[in-house]
Amino acid sequence: VLEVEECEAVLELGSKIFFHSQFLQPLRDHARHHRRRVLVVRRQQPGAVGPAGGGGRRAASIGLVTLNARYVHLALSLRYLRNAARGAGFGNVWLHEFTTQTPLWKMASELMARRPAVLGFSVYIWNREPTLGLIELLKKQDPALRIVIGGPEVSFEAAPPSPYVDAVIAGEGERKWVECLQLWAAGRAPDAATRARWATYGADLPALGELPYREEDLTGLAERLVYLETSRGCPFSCSFCLSALDESVRFYPDDAVRAHLGPLYEQAAAGELEAWAAEPYERLALVLLLDQVPRHLYRRDARAYATDLRA
């Protein structure tokens, strides 16, 4: 059995060893040449999909994945989908964000180490090609793995963009994603009508309530761009923009927005975030927090203008 550092070196020489049994022989040959022995471990198949609260089917691993253009970006959609799935009783739901510069073999290795039963991918114009390549790699390694894709880059196609995809979700996906998990958890396959509804943009719109970030997200927000959505849809009809297809504008409740931004604004108003003024991006964030944020938190209230001078 190789030592850990030796094993990593061997696997790096033949990165595709992770994915197909045909690559085990090169590993054995390499080890034989260097008079080393190798322990080959077969990964167990993941459990079936099911809500949290027990073992087997109920302990299934469900991942939400995307490839961001750069590390500083965050995928807002994944957090909404995670929260929706957990709210429906699926407890083992996790996120994994890569960048488009990450090698496919490395992404596949990290994902399969978590033994997923279902993986959902958010697909955009900047990550479509590597995402589909990653999905093919994963599906060839584990044909039983269920793959769901969504996002603007796959919401308007007549058919799934890859034979390795099990379901396509168009548009806002919270309700469709949960329905998809529930069907598979019950051992049922979606029929043609259900698949057509999932692939219809603007269908099954979720109610806008809680905002996406949870306590577990906070440690990963440092040095990154944090997106916060206070409405969905657009009143305009620009031909180049997908939001023009929305039939209405919907807003999140004011209380939900205050719950997310209120504590941060109070810190800024009390002078506790002055360190942000030392760097350009942080200074801009502080100006917005002191000037624009209170306009929305405290509409028709004198507090809306209380920190203008500070800004």
Measure from the side-chain N and O atoms of [X] to the backbone N and O of [Y], and report whether any donor-acceptor pair falls under 3.5 Å.
| X | Y | value |
| --- | --- | --- |
| Lys176 | Ala170 | yes |
| Asp166 | Ile147 | yes |
| Thr194 | Pro190 | no |
| Asp301 | Arg303 | yes |
| Asp142 | Ala144 | yes |
| Thr66 | Ala75 | no |
| Arg128 | Glu153 | yes |

Pairwise distance [atom1]([X]) to [atom2]([Y]) - rounded to 0.5 angstrom:
| X | Y | atom1 | atom2 | value |
| --- | --- | --- | --- | --- |
| Leu211 | Thr230 | CG | OG1 | 8.5 Å |
| Thr102 | Met107 | OG1 | CE | 5.5 Å |
| Cys180 | Ile62 | SG | CD1 | 9.5 Å |
| Glu172 | Ser77 | CD | OG | 11.5 Å |
| Arg115 | Leu145 | CZ | CG | 12.5 Å |
| Lys139 | Leu119 | NZ | CG | 9.5 Å |

Identify whether [X] and [Y] are in the same connected component of the hydrophobic contact network (ILVMFWY, side-chain heavy atoms under 4.5 Å).
| X | Y | answer |
| --- | --- | --- |
| Leu286 | Leu228 | yes |
| Val293 | Leu76 | yes |
| Tyr227 | Leu289 | yes |
| Leu290 | Val287 | no |
| Leu81 | Leu95 | yes |

Working for salt bridge (Lys or Arg N to Asp or Glu O under 4.0 Å), residues Glu110 and Lys106 = CA-CA 6 Å; Glu110 292 183 16; Lys106 180 173 175 60; 3.0 Å; yes
Side chain to side chain contact (heavy atoms under 4.5 Å, CB included) with Phe156: which residues, sequence neighbours excluded?
-> Tyr201, Leu242, Leu245
Near Ile125 CD1, under 6.0 Å, is it more than 12 heavy atoms from other residues, nucleotides or ligands?
-> no
Is the count of non-hydrogen atoms from other residues, nucleotides or ligands lying under 6.0 Å from Glu129 atom CD greater than 12?
->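 Counting neighbours around CD of Glu129, 12 or fewer heavy atoms of other residues, nucleotides or ligands fall under 6.0 Å, so no.
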Take Arg175 and Glu179 through the test salt bridge (Lys or Arg N to Asp or Glu O under 4.0 Å) and record every step on the way to the result.
-> CA-CA 6 Å; Arg175 293 180 61 181; Glu179 182 183 7; over 6 Å; no
Apply salt bridge (Lys or Arg N to Asp or Glu O under 4.0 Å) to Arg82 and Asp217, showing your working.
-> CA-CA 12 Å; Arg82 174 201 61 193; Asp217 296 314; 2.8 Å; yes
Which of these passes side-chain contact (heavy atoms from CB on, under 4.5 Å) with Val148: Trp184, Phe121, Trp198?
-> Trp184
If you take all heavy atoms of [X] and [Y], which pair is closest and at what distance?
| X | Y | result |
| --- | --- | --- |
| Val249 | Gly233 | CG2-C, 4.0 Å |
| Ala196 | Thr200 | O-OG1, 2.7 Å |
| Asp291 | Asp308 | OD1-OD1, 3.8 Å |
| Ala108 | Leu137 | CB-CD2, 4.0 Å |
| Gly202 | Leu205 | O-CG, 3.6 Å |
| Thr100 | Ala69 | OG1-O, 3.7 Å |

Indicate yes or no: at least one non-hydrogen side-chain atom of [X] is less than 4.5 angstrom from one of [Y].
| X | Y | value |
| --- | --- | --- |
| Leu134 | Trp105 | no |
| Glu157 | Val168 | no |
| Leu78 | Ser122 | yes |
| Arg195 | Pro160 | no |
| His73 | Arg224 | no |

Between Phe90 and Gln182, does a side chain to side chain contact (heavy atoms under 4.5 Å, CB included) hold up when you go through it step by step?
-> CA-CA 9 Å; Phe90 295 90; Gln182 289 172 334; 4.0 Å; yes
Derivation of the side chain to side chain contact (heavy atoms under 4.5 Å, CB included) call for Ile149 and Ile169 | CA-CA 6 Å; Ile149 62 172; Ile169 291 176; over 6 Å; no
Charged N-O contact under 4.0 Å between Arg283 and Glu279 =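 Not counted as a salt bridge, because no side-chain N and carboxylate O are separated by less than 4.0 Å.
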Go through the steps for Arg79 and Glu210 under the test salt bridge (Lys or Arg N to Asp or Glu O under 4.0 Å), then give the verdict.
-> CA-CA 11 Å; Arg79 287 157 175 82; Glu210 64 173 322; over 6 Å; no
What do you reckon, are the aromatic ring centroids of Phe98 and His96 less than 6.0 Å apart?
->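 Yes, they do, as the ring centres are separated by less than 6.0 Å.
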Take Asn83 and Arg214 through the side chain to side chain contact (heavy atoms under 4.5 Å, CB included) test and state the conclusion after the steps.
-> CA-CA 9 Å; Asn83 297 347; Arg214 299 285 178 87; 3.3 Å; yes
Just checking, Arg114 and Trp94: is the charged tip under 6.0 Å from the six-membered ring centre and within 45° of the axis?
->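 Ring-cation test returns yes.
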Validation: residues 252-278 side-chain donor-acceptor distances under 3.5 Å, sequence neighbours left out:
residue, atom, partner, partner atom, Å
Tyr252, OH, Tyr80, OH, 3.0
Tyr252, OH, Glu229, OE1, 3.1
Tyr252, OH, Arg232, NE, 3.3
Tyr252, OH, Arg232, NH2, 3.2
Asp254, OD1, Arg299, NH2, 2.8
Asp254, OD2, Arg299, NH2, 2.7
Asp255, OD1, Arg258, NH1, 3.2
Arg258, NE, Leu297, O, 2.6
Arg258, NH2, Leu297, O, 3.2
His260, NE2, Tyr213, N, 3.4
Tyr265, OH, Thr307, OG1, 3.0
Glu266, OE2, Tyr298, OH, 2.9
Glu274, OE2, Arg310, NH2, 2.7

Would Leu74 and Asn68 count as a side chain to side chain contact (heavy atoms under 4.5 Å, CB included) if you check the C-alpha gap in whole Å, the side-chain angles of each, and the deciding distance to 0.1 Å?
-> CA-CA 7 Å; Leu74 284 172; Asn68 296 320; 5.7 Å; no
